[in-house]
Amino acid sequence: MASEDTPAERREITVRRAPKYVPFLILGGLVGIIVAGVIAFALPGDPSYEPSSVFGFFLVLFGAGGVILGAIVALLLDRLSVRRAEHAVVEAVPETGPGSDPADGAGNGTTAGSQS
């Protein structure tokens, strides 16, 4: 039993919940598109410009601005998650051979995934 003689390896890790950036970027872009639509079609404008061309202009402007604001919010939440990070100590579990774990079905004569 050589695995029982060797001491388990312990390491300290940092556990934190970091935001995913892509959903924040997509949400910011969608909010920018909605704001561009409201400005172009709901508000009265100059009759010399078509509402669709105004929407296209504001789509680029507010879409990019929304993506940038979404990235800033994600960065702020990421910095906040670094402050709230917790430290833990983990211990390596030595690997055992097949059939030595009672949970894998070795005790009842069947193998995992087979049916009698």
Side-chain angles (χ1 to χ4, degrees):
M1 308 295 165
S3 64
E4 293 177 6
D5 296 337
T6 59
E9 179 186 352
R10 291 185 175 183
R11 285 190 285 178
E12 187 173 325
I13 62 168
T14 303
V15 180
R16 69 183 181 106
R17 294 184 57 170
K20 295 183 179 181
Y21 287 89
V22 174
F24 282 93
L25 298 176
I26 291 173
L27 183 64
L30 289 176
V31 168
I33 291 170
I34 291 170
V35 170
V38 167
I39 289 176
F41 296 112
L43 298 177
D46 190 0
S48 62
Y49 296 109
E50 293 182 20
S52 60
S53 63
V54 173
F55 175 69
F57 175 75
F58 283 128
L59 177 73
V60 172
L61 186 68
F62 288 120
V67 168
I68 291 171
L69 285 177
I72 290 171
V73 169
L75 284 172
L76 290 175
L77 289 175
D78 189 37
R79 293 292 175 201
L80 195 69
S81 73
V82 170
R83 288 187 194 151
R84 294 183 179 182
E86 296 180 8
H87 298 286
V89 176
V90 294
E91 194 172 288
V93 177
E95 292 187 25
T96 58
S100 62
D101 188 16
D104 67 0
N108 61 7
T110 61
T111 59
S114 66
Q115 295 179 350
S116 303

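For the numbers below, each heavy atom of this structure counts, side chains included, while hydrogens, waters and symmetry mates do not. Sequence positions, counted from 1, serve as the residue numbers for this chain. Only a predicted model underlies this, so the values are computations on that prediction, with no experimental measurement involved.
One finds the CZ atom of Phe57 at 14.5 Å from the OG atom of Ser52 (value rounded to the nearest 0.5 Å). Taking CD of Glu91 as the reference point, atom CD of Glu9 lies at 10.0 Å (rounded to 0.5 Å). Here the CD-CD1 distance, from Glu86 to Ile13, works out to 11.0 Å after rounding to the nearest 0.5 Å. Note that CG of Leu75 is 4.5 Å distant from OH of Tyr21, once rounded to the nearest 0.5 Å.
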Without placing hydrogens or testing angles, list every side-chain donor-acceptor pair under 3.5 Å for residues 25-33, not counting sequence neighbours.
none

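Inter-residue side-chain proximity for Arg16 and Leu80 is flagged as unmet; no heavy-atom pair is nearer than 4.5 Å.
A continuous path of hydrophobic side-chain contacts links Leu61 to Val54 [ILVMFWY only; heavy atoms under 4.5 Å]. Phe41 is connected to Leu59 through a chain of hydrophobic side-chain contacts under 4.5 Å among Ile, Leu, Val, Met, Phe, Trp and Tyr, so both are in one cluster. Following chains of ILVMFWY side-chain contacts shorter than 4.5 Å, one can reach Tyr49 starting from Ile39, so the two form part of one hydrophobic cluster. Grouping the Ile, Leu, Val, Met, Phe, Trp and Tyr side chains by contacts below 4.5 angstrom, directly or via other members, places Phe58 with Leu43.
Closest approach of Arg17 to Ser81, counting heavy atoms only: O-CB, 3.0 Å. Closest approach of Phe24 and Pro19 over heavy atoms only: CE1-CB, 3.7 Å.
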